[in-house]
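One structure is given below, encoded as structure tokens.
Here is how names work: the chains are called A, B, and so on, in the same order as the sequence lines, proteins then strands, and each is numbered from 1.
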Amino acid sequence: MSLLTINDLTVEFPTRRKLFTAVDHVDLSVEPGEIHGLVGESGAGKSTIGAAIMGLLDRPGRIASGTIKLSGDQISGIDAEAMRGLRGKKISMIFQDPLTSLNPLFTVREQLVETIQAHLGGSDSEANKRARDLIDRVGIPDPDARLDQYPHQFSGGMRQRVVIALALCTEPDVIIADEPTTALDVSVQAQILDLIKELATERQVGVILITHDMGVIADTTDKVTVMYAGKVVESGPTSQVMGQPTHEYTKSLIAAVPRPTLKLHRFPQISYGGRETRFAIEDMARHWPKVDNDTSKPVFEIRNLTKKFLQKRGLLPWDRTYFTAVDDVSFDIRAGEVFGVVGESGSGKSTVARMIAGLYPVDGGTITFEGQTVSDLTNKAALDAYRKNIQMIFQDPYSSLNPRMRVDEIVAEPIRHHKLMDGADIKRRVDELLDQVGLGHEAGLKYPHEFSGGQRQRISIARALATQPRFLICDEPTSALDVSIQAQILNILKDLQEHLGLTLLFISHDLPVVRQMCDRVAVMKQGKVVELQETNDLFANPQTEYASELLRLMPKLDDLSTEGLNAET
Amino acid sequence: MFAYIVRRMFQSVIVLLVVGLVAFSMFRFVGDPIDNMLGQERTQADIDRLRTELGLDKPFPVQYFKFLQGAVQGNFGVSYRQGRPVSTIIAERAPATLELAFVSGFLAITMGIALGVFTAIRRQGVAANVIMTVSLIGVSLPTFLIGILLIYIFSVELDLLPSFGRGETVMIGNWSTGFLTSSGLKALILPAITLGLYQMTLIMRLVRSEMLEVLRADYVRFARARGLSDRVINFRHALKNTLVPVITITGLQLGSIIAFAIITETVFQWPGVGLLFINAIQFVDIPVMAAYLMLISVMFVTINLIVDLLYYAIDPRLRVDARAT
Amino acid sequence: MTDILDTPKAPEKSRFAKFWDGDFAWSFRHSPVAIVATLVVAILVLSAIFAPLIAPYNPFDPSSLNLMNGFTPPGTPNAFTQETFLLGTDDQGRDVFSTILYGMRVSLFVGASAVLLALIIGIVLGLVAAYFGGWIETLIMRVADVQLTFPAILVAMLIFGIAKGVTPPEYRDEMAIYVLIVAIALSDWVQFARVVRGAALVEKNKEYVQAARLIGRGSFPIMFRHILPNVLSPVLVIATISLALAIIAEATLSFLGVGAPPTQPSLGTLIRIGQGFLFSGEWWILFFPACTLLALALSVNLLGDWLRDALNPKLR
């Protein structure tokens, strides 16, 4: 008998327009000591399964059919009081964001002791001792001192360890981890996943690991269930599902995952669900001004770039403290190349991009664009001329488009501002652009909220191309997107570089993506460039310890099927 | 901790100086004090004498400094209308207002928080919905109408409680209190309810919405997922987090109790500083207005300081350095 | 997010049909409270605007007044003149129904103008504070904080008192209404400024603002064209609730005798007049204006309450 068995589970959310079936006749079982991955793109219903097991479905969701059994006893549909007895005691949960899942006003000790006593009772000293052991077990150094600290005194990774300790308080049989590492840096992610693996084996806990990240699945789980639109499409031992996927969807999903070891010319177009969207690069190239990229000359020369942010305000100058986000950074970007900047959060990579884009003033050093120093431009005409040539694609497709503006207004804004055309010409140009990015010109009459994330990113691209720029800054352009959409957008960016001769600055935290996209890469750490190499050399032969550490912690993905991939020669 | 308090105090002093400047400018530029103080039969000599006496011949900053000096010692000059020192008049009237404000403030905070928590936890319940609807009527009823309504029911129709004045008072030192006589206590009931009701509804609605916000937070979901009981989640986790924003607004509300006392005192002819102030406005009795302004700004600043300290006590993020390791 | 499912294309609908079918209109159509409140507000506002056409008497025309008509109870004929008045008459023989219609005009005019003025000041200062930051923000928000410590009604009274001191007596009555508007507006702008600043600080860091800056748009186009439309929904809620508060504040000030003058009575002035007669049995002089005020304030508040829930779907 399995530890946790889900039989024919269906979860529905009645809305006023229609009945939305989030989980559709799903079967699942978890054994003790096993990590069972639940993978799928956003909206696949994987988190809903977690919530249904915990009896914490958001209103108005309900279990429409099926049963959930824990060690043979049915736990779905039991009354709230009995469910609460199980929660925390038999089943625990770990949430995505450690920043918000701890109560900021109570110390770690208070939260642990309270949970232990709620389920096990016992004296204060017993509970305290147990709390200390747990904090020690999840690998938080100096447990005695740290117990009495508040959550805000812990870093993100440490906080997630506290969350895990809380989930372990009462020796649960099952732990549901809902995207436990998505909010964390790669290096911290690896540690947390290791901890979960260890604990599962050591305590014979069954873990359901919900994630969208194929790398996490491949490295961590024993079994995997792939979901698509509320249904299970494939399930089995991880090595089998990842290595020899049988279902078309799983195949297409795996094919879209960027590999650290294999540089592709293009990602295979996802064919599942028949939603291939054309990107008319040839059309676009026909109307594009011809550029001759002299690859030997740099477009950008960045010298000793420095940026400080005020960390603590103070009335008097010596009361203020500054945080150096970018510290003496120098590099060149050559014409026509894709230049990558990679680093963990807080490394200053986005700040560099924003300084080049002119969004942040420069505190020290110079930025030179085609021989002209642009970091100290104040003349409006010269500044506008520079801006016409520089455009940017942002990370979050949900916030990078003004929700109150119509799509055609959004795309037309740069044309109008730079007075490149007027009247009917603008409309024609906007329609053309929307057609070319594959949305169709009727998209112009809609508002951004009517589009999905991938479509919005295409609108962003249309806006960026409206002034026919020479240089495109991409700041984590795909990190908010599902992997299949990411593949589409990355293909488009490659097309832009290849067919239009655009030079790209590509900022990312994701090494496999960088591997696919960039010709040369700068690795940043704490505001400094620690290593700058040709991409292939960096991955084959990192020069610094930091870079090799980053590469080591990267998910391996060696077991993933390589069906349908055409490596670059 | 110490630096925090000092900074707060420093800000308070600046606020008081600014309010003092406003009060003084009123004093100096609104109407002509000489006109106001001397009758029709005045001589140039009288005018000159008074000008020197009041220091009106000195430059503006000197006058402001003198005004501040006086204000610190509680000297705000002489009321145009009553011809007596403003400080004496206010000292006579203050106990009435403070007793009224204290009782209704206590009422408003305790009832407001209790009802707010109740309506948030029992969001779908019948009782909570009835309370919420009634509270909306409460917010829509101006204070003076509540007062008139209460007088009409309890004084005119039922003849249970007095409709005006403080009843008998007892002097304890310089403080005249109505707490010690039965007529004093009876006289306090209607004005206290009138004054407290509106504030109570505001506090209640605020506590409810903050609490609902907190109940949606991730850490509350996580607390549920750990199987803590509803009681612990509602009263330990949620309530404490609710208190942080609620304290600020409640502090501000206490301030407005003193201001709304003006209305209540007018309706009930309650002999406090509010009634004094409203009469001063009608007769453009600037010294009284200025003194009232200074007095309540001292009170507000004090309340704010207490609020900040409470904040500090509740929220560890202010107390402990954020040193992520 | 739904890239995966290619939803079949719905036929294009007109903008109105889209709006009518949208969540906002749907929540309105399914909220009896909101519908009734809207109806009440509409009736009251329309009857205030068309008061000269609806009111049977002009209460400010001395020639139409007959002192003999004084204290006529509602619905019963006057003992001397045999005239009947729907809601009775006051001490001077003025028709209470007509004075309410005219009084509501004053109340609504003052309330709406004050909110509008406060709205403009608040939006501009709030946006400027959020967008430019630095010392400008510190200055604006410090002033707002200090003013917030002082209850609105008190600030309004002070401004009224000062204005009374500086205007010559012969203009006081004429100016009173405008002084009242300014006084209420100046006591009310802070909350708009705070809400706008709060929302604008969030919007300012969104990437669409960065994108507009990257294009080269200037500060003011970004503030008013990009940020402003995105912060309007909380402002709308606050404005509705503020309207109720402004009407109440005006009534309160007038009741205290520091607002609308007897020559241009608002609902508050009428209640002030009526209060004197409540205890001698002429209840209707106070009762009907008070009911009108309550109906007005309550329905505006109900509307604001509904609006807040409808614009913030999270709360449901």
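- With chain B as the partner, the residue from C:Leu298, C:Ile248, C:Ile247, C:Leu302 showing the most heavy-atom pairs under 4.5 Å is C:Leu298.
- Within the 6.0 Å centre-distance limit, the rings of B:Tyr292 and B:Phe277 are counted as a close aromatic pair.
- In this structure a side-chain-to-backbone donor-acceptor pair under 3.5 Å is missing from C:Asp305 to C:Asn301.
- Although no hydrogens or angles enter the test, the distance criterion places a donor-acceptor pair under 3.5 Å between the side chain of B:Thr97 and the main chain of B:Val273.
- Closest approach of C:Ala246 to C:Val115, counting heavy atoms only: CB-CG2, 3.9 Å.
- In the displayed structure, C:Phe277 atom CZ is contacted under 6.0 Å by more than 12 heavy atoms of other residues, nucleotides or ligands.
- Looking at B:Val19, only its side chain comes within 4.5 Å of chain C, counting heavy atoms on both sides.
- Aromatic ring centroids of C:Trp306 and C:Phe28 lie under 6.0 Å apart.
- Of the listed residues (B:Ile258, B:Ile14, B:Thr266, B:Leu136), the greatest number of heavy-atom pairs within a distance under 4.5 Å of chain C belongs to B:Leu136.
- Contacts between C:Ile271 and chain B at a heavy-atom distance below 4.5 Å involve the side chain alone, from C-beta outward.
- Proximity to chain B is limited to the side chain of C:Leu286, based on heavy atoms less than 4.5 angstrom apart.
- For a residue to count as touching a neighbouring chain, one of its non-hydrogen atoms must lie under 4.5 Å from one of that chain's; by this rule C:Leu245 touches chain B with the side chain only.
- Looking at B:Val156, the atoms closer than 4.5 Å to chain C (heavy atoms on both sides) all sit in the side chain, from C-beta outward.
- Both the backbone and the side chain of B:Ser297 come within contact range of chain C, with heavy atoms under 4.5 Å apart.
- Atom CD1 of B:Ile151 and atom OG1 of B:Thr194 lie 7.0 Å apart (nearest 0.5 Å).
- Heavy-atom distances place both the backbone and the side chain of C:Ala290 under 4.5 Å from chain B.
- With a 4.5 Å cut-off on non-hydrogen atoms, B:Ile263 touches chain C through its backbone and its side chain both.
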